[in-house]
Undergrad: 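Input: one structure, supplied below.
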Amino acid sequence: MRLGRPMSQRRGHNRRVSIETLENVENPLEAGLTILGSTLTVDDISLRIVEVEAYGGEKDGPWPDPAAHSYRGRTPRNSVMFGRAGRLYVYRSYGMHFCMNISYGPDGVAGGVLLRAAEIEAGHDVVSARRSPDRPSHQWARGPGNLGASVAITLADNGTDVFNPASRIRLELGESKEWVSGPRVGVSTAAEVPWRLWIPDSRAVSAYRRSPRAPVIS
DNA sequence: TTCATGATAAGG
DNA sequence: CTTATCATGAAC
């Protein structure tokens, strides 16, 4: 038998949002919903974010999350997530990929939303030159490492205020959209928490792959 | 389906 | 020093 959709999935339709929403979110899920469907602009490239993963924060914070980089406290790498909402947290994954997160919550409280996949809306020529031009464009920014490569993000971009109109990297919120949620990808702890969010029907959404280290559910 | 890649930080 | 990690593309 093949179920159409895992029991852990939910779906819904969110409302219009703003930067104030991101600062005052009630929980990580709300932060993820705020950012899903937004438009990321990097120089002449424009992307529609179609998949995100919400991460909580410190053990002792309001949203303890063992899968979050910030869970064990502030380090030089994760410090941006402890600051104000709307800052870009860039980290190097497995020593080679650059992944992007947007911080949320009040200053001093850690929280971040990982940008996992996007559709290219403008700048196809620039992205094509960086990615595999032979592959379809919906695969160029599918997956967090591919997304970072598409816009050539580096650690120098860490801490960027994405709501400052003068920034090279900006995020535009406010789009209303449908969404679906399910378990996060690649995490070995808290793997059942349904904080991966995506827009149904987008071809750019990455395939779900459970971490081989995550415990098997009974 | 498995492997090489190789930064960061926690734990021994 | 050793191990685990919010991954990917190429090799098998």
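Computed over heavy atoms, backbone and side chain alike; hydrogens, waters and symmetry mates excluded. Proteins come first, then strands; the chains are lettered A, B, ... in the order of their sequence lines, and each starts at number 1.
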Undergrad: Can you work out whether A:Gln139 or A:His69 has the more 5'-proximal nearest nucleotide on DNA chain C?
TA: A:His69
Undergrad: Rounded to whole angstrom units, what separation is found between the CZ atom of A:Arg142 and the P atom of C:dA7?
TA: 15 Å
Undergrad: Rounded to the Å, how far apart are A:Phe98 CZ and B:dA7 P?
TA: 10 Å
Undergrad: Less than 6.0 Å separating the ring centroids of A:Tyr71 and A:Trp63?
TA: no
Undergrad: Using the P atom as the point on both nucleotides, what is the distance between B:dG12 and C:dT5, in whole Å?
TA: 15 Å
Undergrad: Check every strand shown and say whether A:Arg135 touches a base, only sugar-phosphate, or nothing at a heavy-atom separation below 4.0 Å.
TA: sugar-phosphate
Undergrad: What nucleotide, of C:dT5, C:dT8, C:dC6, holds the atom closest to the side chain of A:Pro144?
TA: C:dT8
Undergrad: Going by an N to O cut-off under 4.0 Å, is there a salt bridge joining A:Arg74 and A:Glu58?
TA: no
Undergrad: Go nucleotide by nucleotide along DNA chain B from the 5' end; which of A:Leu155 and A:His97 gets its closest nucleotide reached first?
TA: A:His97
Undergrad: I'd like to check A:Arg168 versus A:Val42 (side-chain heavy atoms, cut-off strictly below 4.5 Å). Are they in contact?
TA: yes
Undergrad: Can you tell me the Watson-Crick or wobble partner of C:dC6, both distances under 3.5 angstrom?
TA: none
Undergrad: B:dA9 P sits how many Å from A:Met81 CE, rounded?
TA: 11 Å
Undergrad: Would you say B:dA9 has OP1 or OP2 under 4.0 Å from some side-chain N or O of A:Thr75?
TA: yes
Undergrad: What is the distance, to the nearest angstrom, from the CD1 atom on A:Ile49 to the P atom on C:dC6?
TA: 20 Å
Undergrad: Return the nearest nucleotide to the side chain of A:Met96; candidates are B:dA7, B:dT5, C:dC6.
TA: B:dT5
Undergrad: Could you give the CH2-to-C1' distance, from A:Trp140 to C:dG9, as a whole number of Å?
TA: 17 Å
Undergrad: Using the P atoms only, state how far C:dA11 lies from B:dG6, rounded to an integer number of Å.
TA: 16 Å
Undergrad: So, OP1 or OP2 of C:dG9: does either fall under 4.0 Å of a side-chain N or O from A:Asn146?
TA: yes
Undergrad: For C:dC6 and B:dT1, measure between their C1' atoms and round to the nearest Å.
TA: 22 Å
Undergrad: Is there a side-chain contact between A:Tyr89 and A:His69, using heavy atoms and a 4.5 Å cut-off?
TA: yes
Undergrad: Report the distance from atom CG of A:Leu115 to atom C1' of C:dC6, rounded to the nearest whole Å.
TA: 12 Å
Undergrad: C:dT8 and B:dA9: how far apart are their C1' atoms, nearest whole angstrom?
TA: 22 Å
Undergrad: What is the distance from OH of A:Tyr71 to C1' of C:dA4, rounded to the nearest Å?
TA: 16 Å
Undergrad: Students often get this wrong, so: under 4.0 angstrom with heavy atoms, is A:Arg74 touching a base, only sugar-phosphate, or nothing?
TA: nothing
Undergrad: Could you tell me whether the phosphate oxygens of C:dA4, OP1 or OP2, come under 4.0 Å of any side-chain nitrogen or oxygen in A:Arg72?
TA: no
Undergrad: Check this for me, if you would: do A:Arg184 and A:Asp65 make a salt bridge, where the nitrogen-to-carboxylate-oxygen distance has to be below 4.0 angstrom?
TA: yes
Undergrad: For B:dG6, give the paired nucleotide (Watson-Crick: N1-N3 plus N6-O4 or O6-N4; G-U: N1-O2 and O6-N3; both under 3.5 Å), or none.
TA: none
Undergrad: When you check the side-chain N and O atoms of A:Glu172 and A:Thr41, is any donor under 3.5 Å from an acceptor?
TA: no
Undergrad: Could you pick out which residue, A:Gly143 or A:Thr189, lies toward the 5' side of DNA chain C when each is mapped onto its nearest nucleotide?
TA: A:Thr189
Undergrad: By a 5.5 angstrom centroid cut-off and a 30 degree plane limit, is there stacking between A:Tyr91 and C:dC6?
TA: no
Undergrad: Separation of A:Leu147 atom CG from C:dT8 atom C1', in whole Å?
TA: 14 Å
Undergrad: Would you say A:Arg131 and A:Asn146 are linked by a side-chain donor-acceptor pair, where the criterion is simply a distance under 3.5 Å?
TA: yes
Undergrad: Heavy atoms from C-beta onward define the side chain here; which of C:dA7, B:dA10, C:dG9 lies closest to that of A:Arg131?
TA: C:dG9
Undergrad: Which part of the nucleic acid does A:Arg184 contact within heavy-atom distance under 4.0 Å: base, sugar-phosphate only, or nothing?
TA: nothing
Undergrad: Which part of the nucleic acid, if any, lies within reach of A:Ala68 when heavy atoms closer than 4.0 Å are counted: base, sugar-phosphate only, or nothing?
TA: base
Undergrad: Tell me whether the OP1 or OP2 atom of C:dA7 has a side-chain N or O from A:Arg116 closer than 4.0 Å.
TA: yes
Undergrad: From C:dC6, C:dT5, B:dA7, pick the nucleotide closest to the side chain of A:Tyr94?
TA: C:dT5
